[in-house]
Amino acid sequence: MRFIFLWLFVLFTQAVFTQNYAVSGNEKLVFTASYNMSGILTDIAQVTMQTSTIETSGTTLLRLKCTAATYKNWDSFFKIRDLYESYVNPSSLIPYLYKRDILEGSYTKFMEYKYNHKENKVKSLLRKKRKDGAFYEENKTLSLSNGAKDIVATLYKLRTLDFSKAPVGKTKTLLVLFDNVEHPVTFTYLGTESIATALGKKTCHKLAISMNNTNVLKGNRDNLLWLTADENKVPVYVKFKIPVGNGELKIKSVSGLKN
């Protein structure tokens, strides 16, 4: 499932100063995650993306919380409980804090980023279990390229961009910080397409995503995303292909949309 999250959240970002007119402070998007099991797409998990407003002593932040959990009948086969969240400026979606806490089978991992945008630095904390069962911590200070973001802030930032004038075939390569490494990701705009969803028939912006020099994604036009072609730009459908197979994410329900 961490491959799904990397694929889903590593897709996009652009101008740093783009304002947020698409994402509210109480939005909830629920998806069904399906995986190809012996040639049959099988529903195995629920993915939830939820926002909330957080008041701190000095400012107001937008919490972008993303979770994935296998359905109970799959827990005995391969239990997943993943949490990804980013705390961002509500207007610019610039991140200040990122956390990733995952449980996948017997595999656990926690990561935290604290951003210092004035110095273009990130303080990274990794907490992981060794083979002997004991936990260890690793602290690093990373250099941050201009515009690079964690995967959660990156996904939400995409929704603030204007695709209405983008020519078909337009490509853009972006940087996403994941596991302490900045990954270049290229997405290609494929135009608009009307598709049937749980929300009804929607006209969507269609994007293809690819990554060079990595085994996270496979294929050139096998990883696709559909965003509603309206002011909310809700992700309603995802197709992905990873080294261990392929699958889909489909929107199940939405609430609290900004527009």
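This is a predicted model, so every value here is computed, not measured.
- In this pair, W74 and F77 present their aromatic rings perpendicular. The plane angle is above 60°, beyond the 30 to 60° band.
- Checked by atom type and distance alone, the side chain of N36 never pairs as donor or acceptor with a backbone atom of L41 at under 3.5 Å.
- Between the side chain of K233 and the backbone N or O of L161 there is at least one donor-acceptor pair closer than 3.5 Å.
- Remark: side-chain polar atoms of R127 are not paired, donor with acceptor, to backbone N or O of Y136 under 3.5 angstrom.
- L199 places a side-chain heavy atom less than 4.5 Å from the side chain of V254.
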Practice task
Go through the steps for S194 and T203 under the test side chain to side chain contact (heavy atoms under 4.5 Å, CB included), then give the verdict.
Solution key: CA-CA 4 Å; S194 293; T203 299; 3.2 Å; yes
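- Heavy atoms only, all atoms of each residue included: N180 and L177 are closest at C-CD1, 3.8 Å.
- In terms of modelled atom types and a separation under 3.5 Å, the side chain of S124 and the main chain of K140 share no donor-acceptor contact.
- Environment of CD in E231: sparse, with no more than 12 heavy atoms of neighbouring residues, nucleotides or ligands closer than 6.0 Å.
- Linking Ile, Leu, Val, Met, Phe, Trp and Tyr residues whenever their side-chain heavy atoms come within less than 4.5 Å places V47 and L257 in a single cluster.
- Between T70 and K79 the shortest heavy-atom distance is OG1-CA, 3.7 Å.
- Note on Y237: it clusters hydrophobically with L224, by side-chain heavy-atom contacts below 4.5 Å among ILVMFWY residues.
- Of all heavy-atom pairs spanning V88 and P95, the tightest one is CG1-CA, 3.7 Å.
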Practice task
Mind running side chain to side chain contact (heavy atoms under 4.5 Å, CB included) on V122 and N116 for me, showing each step along the way?
Solution key: CA-CA 6 Å; V122 170; N116 183 336; over 6 Å; no
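- Looking at T192 and H205, their side chains come closer than 4.5 Å, going by heavy atoms from C-beta outward.
- Two different hydrophobic clusters hold L103 and Y71 under the rule that ILVMFWY side chains link at heavy-atom gaps under 4.5 Å.
- The two residues D82 and Y84 come nearest to each other via the heavy atoms CB-CE1, 4.1 Å.
- In this structure the side chain of F110 never reaches within 4.5 angstrom of the side chain of R100, judged on heavy atoms.
- Separating the CD1 atom in I251 from the NZ atom in K202 is a distance of 10.5 Å, to the nearest 0.5 Å.
- A donor-acceptor pair under 3.5 Å is formed between the side chain of N259 and the backbone N or O of Y21.
- A distance of 9.5 Å separates CG in N139 from CD in E112, rounded to the nearest 0.5 Å.
- T42 places a side-chain N or O within donor-acceptor distance of the main-chain N or O of I40, the cut-off being under 3.5 Å.
- To the nearest 0.5 angstrom, L93 atom CG is 6.0 Å from T160 atom OG1.
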Practice task
Evaluate the criterion side chain to side chain contact (heavy atoms under 4.5 Å, CB included) for residue pair Y156 and M49; output intermediate values, then yes/no.
Solution key: CA-CA 10 Å; Y156 278 90; M49 301 172 64; 3.3 Å; yes
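- Y189 and V234 end up in the same hydrophobic cluster when Ile, Leu, Val, Met, Phe, Trp and Tyr side chains are linked at under 4.5 Å.
- From S164, atom OG reaches atom CG of D230 across 12.0 Å, with rounding to the nearest 0.5 Å.
- Considering only heavy atoms from C-beta on, V152 stays 4.5 Å or farther from K157 through its side chain.
- With respect to D43 and K250, no salt bridge is recorded, no charged nitrogen being found less than 4.0 Å from a carboxylate O.
- For the pair S145 and L175, the tightest heavy-atom approach, listed with the atom from each and the gap, is CB-CD1, 3.7 Å.
- S34 and E248 share no donor-acceptor pair across their side chains, judged by distance under 3.5 Å alone.
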Practice task
Would you check, one step at a time, whether the test side-chain hydrogen bond (donor to acceptor under 3.5 Å, both in side chains) holds for S143 with K121?
Solution key: CA-CA 5 Å; S143 295; K121 300 289 185 182; 3.2 Å; yes
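- Salt-bridge annotation for R159 and E27: present, with a side-chain N of the basic residue lying under 4.0 Å from a carboxylate O of the acidic one.
- Under the 4.5 Å side-chain heavy-atom criterion for Ile, Leu, Val, Met, Phe, Trp and Tyr, L64 and V30 are members of distinct hydrophobic clusters.
- Here the side chains of T53 and P90 are not in contact, with every heavy-atom distance at 4.5 Å or above.
- The two residues K258 and N20 come nearest to each other via the heavy atoms CE-O, 4.1 Å.
- Distance alone, capped at 3.5 Å, places no donor-acceptor pair between the Y98 side chain and the M111 backbone.
- K149 has its side chain out of reach of L144: every pair of non-hydrogen atoms, C-beta onward, lies at least 4.5 Å apart.
- Contact of the K28 side chain with the T48 side chain is registered, since non-hydrogen atoms from C-beta on lie closer than 4.5 Å.
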Exercise for the section: Report the C-alpha distance between T60 and E55 in whole Å, list the side-chain angles of each, state the deciding distance to 0.1 Å, and finish with yes or no for side-chain hydrogen bond (donor to acceptor under 3.5 Å, both in side chains). Expected result: CA-CA 5 Å; T60 299; E55 299 290 341; 2.8 Å; yes
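- Distance CH2/W226 to CG/L190: 8.5 Å, rounded to 0.5 Å.
- L158 is listed as a side-chain neighbour of L207, based on a closest heavy-atom distance under 4.5 Å.
- Partner of Y115 under the side chain to side chain contact (heavy atoms under 4.5 Å, CB included) criterion, chosen from D150, N120, L97, L142: D150.
- Within the model, atoms CD1 of I209 and OG1 of T188 stand 8.5 Å from one another, a figure rounded to the nearest 0.5 Å.
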Problem - CA sep, side-chain torsions, deciding dist, call: E85, R63, salt bridge (Lys or Arg N to Asp or Glu O under 4.0 Å) - result: CA-CA 7 Å; E85 59 183 352; R63 182 191 189 194; 2.7 Å; yes
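- In this structure, Y96 and H117 have perpendicular ring planes: the angle between them is above 60°, well past the 30° mark.
- Distance alone, capped at 3.5 Å, places no donor-acceptor pair between the T228 side chain and the C204 backbone.
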Practice task
For Q50 and N26, run side chain to side chain contact (heavy atoms under 4.5 Å, CB included): C-alpha distance rounded to whole Å, both residues' side-chain angles, the deciding distance at 0.1 Å, then the answer.
Solution key: CA-CA 7 Å; Q50 193 164 10; N26 63 337; over 6 Å; no
